[in-house]
Each structure stands twice: as C-alpha cells, then as structure tokens.
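Atoms within a ligand are numbered from 1 in the order they appear, just like the ligands themselves. Worth knowing before you read on, the calculation uses all heavy atoms, side chains too, and leaves out hydrogens, waters and symmetry mates.
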Amino acid sequence: MARNNGNNRDFSHLSKLHPCLSKDAHSNFGRIHLPVSPACNIQCRFCKRDCNNKEDRPGVASGILAPKDAVETIRKALELCPQITVVGIAGPGDTLATTHAIETFKLVDEVYPELIKCMSTNGLLLYKYARELYEAGVDTITVTVNAVDPYIQSRITSYIAYDGKIYFGEEAAKILIRNQLKGITVMSKLGVIIKVNSVLIPGINDDHIEEIAKTVKEAGAELYNIIPLIPQHDLSHIPAPTCEQLDRARILSEKHIEVFRHCKHCRADACGIPGKEDLSSKLYGSHLNLETFSHG
Ligand code: CLF
Ligand code: SF4
C-alpha cells in the first residue's frame with residue numbers, strides 16, 4: 001500500500017506533535033504503545049524482559065497484544081486520552097524479531113492514517129525491513145545503539161541470532177553495529193525520522209557516548225536520547241549513572257546532534273501523556289493473556 005501521510009514526514013512538522021521529539025510536544029501529546037512483539041533476536045546484558053503490572057521501565061508489559069486487536073485498542077485509548085497522536089510499538093521484545101509489528105502498523109495505518117506511527121528496535125534487521133516499514137506507514141523509528149566500537153559493544157550484548165546462526169563477542173558486535181548504521185541510513189533516506197537511544201553504562205560506554213552521537217548523526221539520525229542504565233540482569237553490579245554523568249554525556253553529544261532530554265523510560269504497554277497518569281492498566285486491564293515472555 002502506498003503511503004497516505006508521507007507529506008507529513010518531516011522533522012519540524014512531526015516534532016510539534018510527537019511527545020518524544022520535542023520538549024513542547026512532550027507534555028501536551030500522548031502515545032500508546034502496543035505490546036505486540038514478544039521475542040528478541042539479541043541478548044543485551046542489562047535486559048530482563050518481564051511481564052507484570054508493577055514496574056515502570058522498558059522491557060516490561062502486562063501481556064502480549066495480538067495484531068488483530070490493535071485497532072480496537074487504539075479506539076479505546078483515544079477515548080481515554082484524546083491527546084494521543086502517536087501509536088508506538090516498543091516491545092516487549094524486538095519489533096523486528098517477529099512480523100507482528102509490521103502487520104500491526106499495516107492494520108493501524110488503514111484506519112488511522114493521521115496518527116504518527118513510531119517503532120523502536122535494536123536495529124539488527126532494520127535495513128532488511130526498511131521498505132516494508134515505510135510502506136506500512138511508519139514515520140519515526142528509534143534505534144538503540146549502545147556502542148559503535150565492537151569491543152565496547154561486545155561487553156553490552158552477549159549474543160545475536162542472525163540469519164539462522166548465533167554469534168558471540170566481537171563478531172556479533174560487528175554485525176550488529178554494521179546493520180544498525182545501515183538501517184539508519186536506509187530509513188533516513190526514505191524520509192523516516194530516526195532517533196537513536198543509548199543506554200549510558202558507567203565504566204563501559206560512558207566515555208564513548210560522544211562517538212556514538214557523531215556516528216549516528218553521520219548515518220542519518222536526527223535526534224539522540226541518552227538513557228541511564230537500570231542495573232539489572234548481568235549488569236546488576238554496575239551503579240546507575242549519576243546526574244553529572246548523564247549531563248556530561250548530553251553536553252558532549254550536543255556538539256554533534258540534537259539531544260532529547262525528557263524521556264520517561266516507558267514500558268512496552270505505556271498509554272497516555274508521558275510523565276502524566278499512565279492509562280495502560282485501564283486500557284489493557286486483565287484482558288491480555290498474561291504469560292512470561294521477553295522484552296525489547
Ligand atoms: Fe514510544 Fe519510543 Fe516512539 Fe516515544 S517512547 S516508541 S519514541 S512513541 Fe519516548 Fe518513552 Fe522515552 Fe521512548 S518517553 S522511552 S523516548
Ligand atoms: Fe536488548 Fe531490547 Fe532485546 Fe532486551 S529486548 S535484549 S534491551 S534489544
């Protein structure tokens with residue numbers, strides 16, 4: 001299907017309406033996350049994917065939504081929060097490890113062409129699905145890039161599953177970085193707005209953030225978001241970065257790319273205006289099939 005709101009895909013237009021692209025939009029507009037993506041194709045050492053109603057962090061959702069239920073879910077979400085302008089898919093696994101996200105965006109774009117479609121991914125398969133995502137109406141993509149140096153990346157991601165094989169260490173890291181940058185370039189050339197997220201991990205990539213910012217800008221990203229490590233899983237022994245460490249990384253990155261500073265570290269099923277009441281329990285309640293799965 002051809003794009004039906006392609007003319008709107010420019011940064012200055014989208015940033016007025018997308019809560020994760022500008023400070024002003026952040027407190028005035030909402031997003032709904034559809035937790036349709038259960039599996040992941042890499043293992044980040046800090047990632048503990050989970051399914052519960054208590055924690056407010058990425059990688060957690062109350063359950064998995066079927067793509068066929070997305071349109072009805074959005075209808076209810078708009079009733080609860082008419083300020084929603086963005087339909088996002090951010091996990092709880094990687095959005096491209098299964099076809100659920102693309103399938104969902106296609107269904108949503110048919111009924112709600114005016115809503116901004118936003119997806120976050122680890123970027124391993126982004127270049128492969130670039131054209132399909134574009135055709136499915138995706139306007140903005142967040143790629144999580146935690147290093148552009150294979151040694152540093154190998155300390156953050158333990159393995160990747162790619163083209164039917166499992167890769168470890170620096171071999172895995174090289175493939176991941178190459179694919180992420182290629183995905184950013186291909187998507188940005190299609191006119192899709194790219195934001196990059198990096199998890200700031202003290203002692204591992206804290207002195208490397210500026211290099212990431214510079215590299216992803218050159219690849220085609222428009223905006224950069226540095227998020228603090230939540231110490232858990234294999235990196236539970238590393239303390240979360242201090243405000244000073246985050247500030248320093250943001251100031252250095254700003255030399256190369258616009259930095260977004262208002263991120264609320266949303267769950268994969270978040271709903272509403274970021275930082276205000278989260279409506280996900282009203283929206284999803286207990287109708288989702290609660291089961292343990294993995295996030296993205
Ligand atoms: Fe969702 Fe992410 Fe799209 Fe926003 S969240 S997929 S870009 S619509 Fe926003 Fe939440 Fe921060 Fe993400 S506040 S975690 S930056
Ligand atoms: Fe990493 Fe996201 Fe996959 Fe977790 S779900 S292992 S954070 S890419």
Would you please test Asp69 and Lys76 for salt bridge (Lys or Arg N to Asp or Glu O under 4.0 Å) and show each step? CA-CA 11 Å; Asp69 295 328; Lys76 284 189 199 149; over 6 Å; no
N, O or S of Cys266 under 2.8 Å from atom 10 (Fe) of ligand 1: yes
I need the contact type for Ile42 against ligand 2. Using non-hydrogen atoms and a strict under-4.0 Å cut-off, is it side chain, backbone, both or neither? both
Close-contact set for ligand 1 against Lys264 heavy atoms, below 4.0 Å: 11 (Fe), 13 (S)
For ligand 1, which atoms have a heavy atom of Arg31 less than 4.0 angstrom away? 8 (S)
Can you name the atoms of ligand 1, numbered from 1 with element, that are less than 4.0 Å from a heavy atom of Lys195? 7 (S), 15 (S)
Less than 6.0 angstrom from the centroid, inside 45 degrees of the normal: does Lys182 satisfy that with respect to the ring of Tyr127? yes
Below 4.0 angstrom from a heavy atom of Val86, which ligand 1 atoms are there? Numbered from 1 as shown, please. 8 (S)
Below 2.8 Å, can you find an N, O or S atom of His265 next to atom 11 (Fe) of ligand 1? no
Judged on heavy-atom distance to atom 9 (Fe) of ligand 1, which of Cys20, Gly275, Gly30, Pro19 sits nearest? Cys20
By salt bridge (Lys or Arg N to Asp or Glu O under 4.0 Å), which residues pair with Lys128, not counting sequence neighbours? Asp163
Are a donor atom and an acceptor atom from the side chains of Asn225 and Asn197 found within less than 3.5 Å of each other? yes
Less than 6.0 Å separating the ring centroids of His262 and Phe260? yes
Using a 4.0 Å cut-off to any heavy atom of Asn225, which atoms of ligand 1 qualify? 15 (S)
Can you list the atoms of ligand 2 that are under 4.0 Å from a heavy atom of Asn122? 8 (S)
Surrounding CZ of Arg45 (heavy atoms of other residues, nucleotides or ligands, distance under 6.0 Å), is the total greater than 12? yes
Reference residue Thr121; test side chain to side chain donor-acceptor pair (under 3.5 Å); the match among Asn41, Thr144, Asp94: Asp94
With heavy atoms of Thr142 as the reference, note each atom of ligand 1 found under 4.0 Å away. 7 (S)
For residues 165-179, dump all side-chain donor-acceptor pairs below 3.5 Å to protein atoms at least two apart in sequence or in another chain.
| residue | atom | partner | partner atom | Å |
| --- | --- | --- | --- | --- |
| Asn179 | ND2 | Leu124 | O | 3.0 |
| Asn179 | ND2 | Tyr162 | OH | 3.2 |

Counting from 1, what ligand 2 atoms have a heavy atom of Cys44 closer than 4.0 Å? 1 (Fe), 6 (S), 7 (S), 8 (S)
Of all the atoms in ligand 1, which lie at a distance below 4.0 Å from a heavy atom belonging to Cys118? 3 (Fe), 6 (S), 7 (S), 8 (S)
Donor on one side chain, acceptor on other, Asp24 and Ser22, under 3.5 Å: no
Heavy-atom distances under 4.0 Å decide this one: backbone, side chain, both or neither, for His33 against ligand 1? side chain
With heavy atoms under 4.0 Å as the rule, classify the contact between Thr140 and ligand 1 as side chain, backbone, both or neither. neither
Passing option when Glu210 is tested against Arg248, Lys255, Lys217, Arg250 for salt bridge (charged side-chain N to carboxylate O under 4.0 Å, His left out): Lys255
